[in-house]
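In what follows, chains carry the letters A, B, and so on, assigned in the order in which the sequence lines appear, proteins first and then strands, with residues in each chain numbered from 1.
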Number of protein chains: 2
Amino acid sequence: MTETKTDPRILRTRKLIMDSFIELSSKKEFKDITIKDITTEAMINRATFYYHFEDIYDLLDKALSEVLFVNLSCQDFANSKMNEDTLVTIFKAITDFQMSLSNRCHRGYEDTIARIIREQLEVIFYKMLGNQQPNLDKEALKLPAAMLSWGLYGASVEWRNNPTTSPEEFIKVAIPYIQGGVNENNIKNIN
Amino acid sequence: MTETKTDPRILRTRKLIMDSFIELSSKKEFKDITIKDITTEAMINRATFYYHFEDIYDLLDKALSEVLFVNLSCQDFANSKMNEDTLVTIFKAITDFQMSLSNRCHRGYEDTIARIIREQLEVIFYKMLGNQQPNLDKEALKLPAAMLSWGLYGASVEWRNNPTTSPEEFIKVAIPYIQGGVNENNIKNIN
DNA sequence: TCAAATGTGTTGGATATACGACAAATCCAA
DNA sequence: TTGGATTTGTCGTATATCCAACACATTTGA
């Protein structure tokens, strides 16, 4: 809608920084990566880093959000309906993302990563619910979106701790517990 | 020596433009490539193109020079001696370069490309001769460097028209004709 | 042939990035 | 523990890039 195109210099520089960060993450642990490392790898000035990010934790946030967002957006969930297939695909994206992270070195930042994943999920669910029920008050969608995101993330934690089946099978069993609470009628009641 | 490091923004932008140009060259003929095409592909502003290049022919010059220079520099000829091995390797680099160009579409610009190759050769030979005979007047090296470059380029034309043997074999036979005229003693006599 | 569309080259003002410097914080070896 | 070395954030100034607009040239299609 209000697509205000951003300066290409900003897009380029953000990508340079994030790509360098991801590249370095495959070689070092997060705690050993300095901002100087990143800017040297990206061939940009250190001051420019601070033009885009507050500090290295801010970068971690935004870089991981970006990666997860790209993973989730390749099917444009924000414009699709909420049903079993959608939830299965999103769940698969989350577990894929977490497995790709376990190959990189972010030990000690598991809870940060958890928060990032859940926040992204909340954004996606909020948009999906908004598309599905455009005549509802947007405020009323925040609570169900949050609960859905917590629920699905919690399921991913369960699966990681005890991966008895494939992610797809695993979440199909769990969907009734999640979805039961947030169908259309319930949201209307909340409102 | 006087290595004044250039602004990283300039290096980045030049690379973006040249890479986009080379990419487009593999899809279209040169005459069909517009500056707008290039800047769109490179995601840079069209005005920025003119900050770096006079026009599209200037870009053709510099892009091809750059590619050939990279090909030739991987062995740092400028710091090595002039002997049979060196000449063979350089000749191979030229024929490789020409064959890579024939896959791209630069029909009608063969003589421009010829000039670019020869000029690069002249630069390389000038440096090599300078290293080999540092006590000679630099001016005296210009003529032999030019003659060597014309000679080797001419040999590449001959080979392309009639590739009876491999480039390596071909140039080994021709080297006596080229090198005979520009050995150390002859340069001193010219001087 | 003409008119519309597209590409070229240039300009002025706005903005992002580079660079060097700085004090403060953190790291690390002696 | 100390002291040097590295990293972090921040700043002011210089410069590269963006953007919109312009006149002009070239291409295209009816």
To the nearest 10 degrees, the angle between the two end axes of the helix from C/dT1-D/dA30 to C/dA30-D/dT1 (five pairs per end) comes to 60°

Does a side-chain N or O from B/Y51 land closer than 4.0 Å to OP1 or OP2 of D/dT17, or not? no

According to a hydrophobic-cluster definition based on side-chain heavy atoms being under 4.5 Å apart (Ile, Leu, Val, Met, Phe, Trp, Tyr only), do B/L16 and B/I22 belong together? yes

A/Y50 atom OH is separated from D/dT7 atom P, nearest whole Å, by 11 Å

When you compare the side chain of B/I90 with that of B/M128, does any pair of heavy atoms fall below 4.5 Å? yes

Give the rounded distance in Å between these two atoms: CG of B/L11 and P of D/dT15. 17 Å

Distance criterion of 3.5 Å, no angle test: do you see the side chain of A/R9 paired donor-to-acceptor with the base of D/dT17? yes

Let me know the distance between CD1 of B/I35 and P of D/dA25, rounded to the nearest Å. 16 Å

Proximity to the side chain of A/R46 - top-ranked nucleotide from D/dT10, D/dT7, D/dT17: D/dT10

Between P on D/dT17 and CG on A/L16, what's the gap in Å once rounded to a whole number? 13 Å

For the side chain of B/R12 and the backbone of A/M43, is there at least one donor-acceptor N/O pair under 3.5 Å apart? yes

Do the side chain of A/S65 and the main chain of A/K62 share a donor and acceptor less than 3.5 angstrom apart? no

Atom-to-atom span, CD of A/E54 to C1' of D/dT8 - whole angstrom: 14 Å

Protein-nucleotide distance (A/D7, atom CG; D/dC18, atom P), rounded to Å: 7 Å

Atom NZ of A/K15 with >12 non-hydrogen neighbours under 6.0 angstrom: no

Should B/V123 and B/F125 be regarded as members of a common hydrophobic cluster, given that ILVMFWY residues are connected when their side-chain heavy atoms come within less than 4.5 Å of each other, either directly or indirectly? no

Taking atom types as modelled, is there a side-chain donor on B/T34 or B/D37 under 3.5 Å from an acceptor on the other? yes

Boundaries of the chain A footprint along DNA chain C (any atom under 4.0 Å from a heavy atom): C/dT15 to C/dA21

Give a yes or no answer on whether the side chain of B/W159 reaches the backbone of B/G154 with a donor-acceptor pair at less than 3.5 Å. no

Evaluate the salt bridge (Lys or Arg N to Asp or Glu O under 4.0 Å) criterion for residues B/E23 and B/K27: first the C-alpha distance (whole Å), next the side-chain angles of each, then the deciding distance (0.1 Å), finally the verdict. CA-CA 7 Å; B/E23 170 67 17; B/K27 298 177 184 163; 3.2 Å; yes

What is the separation between atom CD1 on A/I10 and atom P on D/dC18, rounded to the nearest whole Å? 12 Å

Where the side chain of B/S149 meets the backbone of B/A146, is there a donor-acceptor pair that is under 3.5 Å apart? yes

Does the B/R14 side chain pair with the main chain of B/R9, one donor and one acceptor, at a distance under 3.5 Å? no

On DNA chain D, check which nucleotide each of A/T34 and A/P8 is closest to and give me the residue with the more 5' one. A/T34

Give me the one residue out of A/T89, A/D96, A/T95 that meets side chain to side chain donor-acceptor pair (under 3.5 Å) with A/K92. A/D96

Within residues 36-45 of chain B, residues whose heavy atoms come under 4.0 Å of DNA chain C: B/K36

Output the rounded distance in Å from CZ (A/R12) to C1' (D/dA16). 10 Å

